[in-house]
Amino acid sequence: DAKTTQPPSMDCAEGRAANLPCNHSTISGNEYVYWYRQIHSQGPQYIIHGLKNNETNEMASLIITEDRKSSTLILPHATLRDTAVYYCIVIGGSNYKLTFGKGTLLTVNP
Amino acid sequence: NAGVMQNPRHLVRRRGQEARLRCSPMKGHSHVYWYRQLPEEGLKFMVYLQKENIIDESGMPKERFSAEFPKEGPSILRIQQVVRGDSAAYFCASSNDGQGNRGYTFGSGTRLTVV
C-alpha cells in the first residue's frame, strides 16, 4: 500500500472548518484513501473513504485531487470533541491490514 | 446496538503471569482483527480471525502470544508469561466481510500494564 505523509499537528478554532491534508504520491489505481481518527484513550473511529470522487457524509468531506496524489479531510464546523489524532490510510486490493502512521494531532481551541 | 465490546478495559499483570483479553464483535460480524498500540506509537496489526480460523497472524510475536475466535463466544487474545514490553493498548476491530470494506468498527481497547 502507498505511503502517506501528514503534518504532525494542526490547530483549529472551534466552529471553523478544519482542513487536514494528506500526501500519497505513490497511490495506485485500485487503492482507496481512508480516514480514521483516535480520540485520546479510545479506539480508532472510521470517518470516511474514497477512491477518486469527492465524498461527504455526516461527519466530514473528503476531497481527492484529480491526480489522486493528495487528499484533504474537511470537518466543516470543528468542535472541541473533534480534538484527536487523524490518520490517512491508503489501502487497496484485497488487503485488510490498516497501516497507521503517526497521523495529525488536530487540536480544536475554544 | 452494541458496538465492539472489549474487556477488561484495564488489566494489570505481574511479570510472568498470563493476560487474557476478550473481544465480542458487532452483531452479525464474523471477522475480527487485533491491533496493538505501544506507548507513543501507532497501531500495528497483529492477527485476523474468522470464526474458528486464524486467517493471518503475521503481526503476532512468535512466542507467548496466541489468538482464537471460537464458534461460540468472544475472540480471545492470550499473552503468556507477560513482560514489561507487553504493556500496551490492545484494540479489536470487526467487520462483516474480509475485504473491500475497510471501514472497521473498533472497540475501546484493553490497556495492559505489566508490573
Side-chain angles (χ1 to χ4, degrees), chain A residues 1-9 22 24 27-51 55-62 71 73 81 84-106, chain B residues 2-7 9-10 21 23-26 29-50 53-60 77 88-113:
Chain A
D1 297 321
K3 185 180 166 69
T4 62
T5 304
Q6 299 178 252
S9 64
C22 179
H24 31 79
I27 193 169
S28 58
N30 68 341
E31 290 182 321
Y32 286 75
V33 180
Y34 276 74
W35 284 82
Y36 279 78
R37 72 179 181 184
Q38 187 174 23
I39 296 170
H40 183 60
S41 297
Q42 296 183 24
Q45 179 188 23
Y46 164 78
I47 301 172
I48 198 168
H49 75 278
L51 182 63
E55 302 287 344
T56 295
N57 63 20
E58 65 280 1
M59 287 183 69
S61 294
L62 174 60
S71 60
L73 178 74
R81 286 179 292 183
V85 178
Y86 287 76
Y87 298 98
C88 169
I89 299 170
V90 170
I91 185 169
S94 58
N95 193 359
Y96 42 79
K97 298 179 198 175
L98 299 175
T99 300
F100 291 86
K102 295 189 184 300
T104 296
L105 172 59
L106 174 69
Chain B
V4 176
M5 305 299 293
Q6 290 189 250
N7 66 80
R9 285 297 305 273
H10 300 275
L21 289 61
C23 169
S24 296
M26 282 188 68
H29 286 189
S30 59
H31 301 256
V32 165
Y33 313 81
W34 284 92
Y35 285 76
R36 177 167 68 172
Q37 187 170 31
L38 294 168
E40 308 303 323
E41 293 189 17
L43 287 88
K44 298 283 194 294
F45 169 83
M46 298 182 77
V47 62
Y48 163 31
L49 310 104
Q50 292 182 35
N53 287 303
I54 297 174
I55 306 302
D56 181 353
E57 56 182 348
S58 59
M60 291 276 271
L77 180 67
Y90 293 82
F91 293 97
C92 164
S94 74
S95 70
N96 59 1
D97 66 36
Q99 52 187 287
N101 175 14
R102 298 147 186 109
Y104 303 134
T105 302
F106 281 81
S108 298
T110 293
R111 278 144 192 85
L112 172 66
T113 302

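Basis for what follows: all heavy atoms, side chains included, without hydrogens, waters or symmetry-related copies. We name chains A, B, ... by the order of the sequence lines, and we start the count at 1 in each one.
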Please determine, among B:Gly103, B:Gly59, B:Cys92, B:Ala93, the option with the most heavy-atom pairs under 4.5 Å with chain A.
B:Gly103
Residue set satisfying side chain to side chain donor-acceptor pair (under 3.5 Å) with A:Glu55, at least two apart, ordered chain then number -> none
Using the salt bridge (Lys or Arg N to Asp or Glu O under 4.0 Å) rule, collect all pairs that involve residues 84-95 of chain A, keeping only residues at least two apart or in two chains.
none
For A:Leu98, is there any backbone N or O sitting under 3.5 Å from a side-chain donor or acceptor partner on B:Tyr35?
yes
Using a cut-off of under 4.5 Å for heavy-atom pairs, which of A:Ser41, A:Gly101, A:Pro44 has the most such pairs with chain B?
A:Pro44
I need the minimum non-hydrogen distance between A:Tyr87 and B:Gln37, along with the two atoms involved.
OH-NE2, 4.0 Å
May I ask you to test the A:Gln38-B:Leu43 pair for a side-chain heavy-atom distance under 4.5 Å?
yes
Residue B:Glu41 versus chain A: region with a heavy atom under 4.5 Å
neither
Counting N and O atoms only, with roles assigned by atom type, does the side chain of B:Tyr48 sit under 3.5 Å from a partner on the main chain of A:Tyr96, one being a donor and the other an acceptor?
no
Non-hydrogen atoms of chain B under 4.5 Å away: do they reach the side chain of A:Gln45, the backbone, both or neither?
neither
Which region of B:Ser58, side chain (C-beta onward) or backbone (N, CA, C, O), has a non-hydrogen atom less than 4.5 Å from a non-hydrogen atom of chain A, or is it both or neither?
side chain
CD/B:Glu40 to NZ/A:Lys102 distance, rounded to the nearest 0.5 angstrom?
9.0 Å
Measure across B:Asp56 and A:Lys97 and return the closest heavy-atom pair with its distance rounded to 0.1 Å.
OD2-CE, 2.9 Å
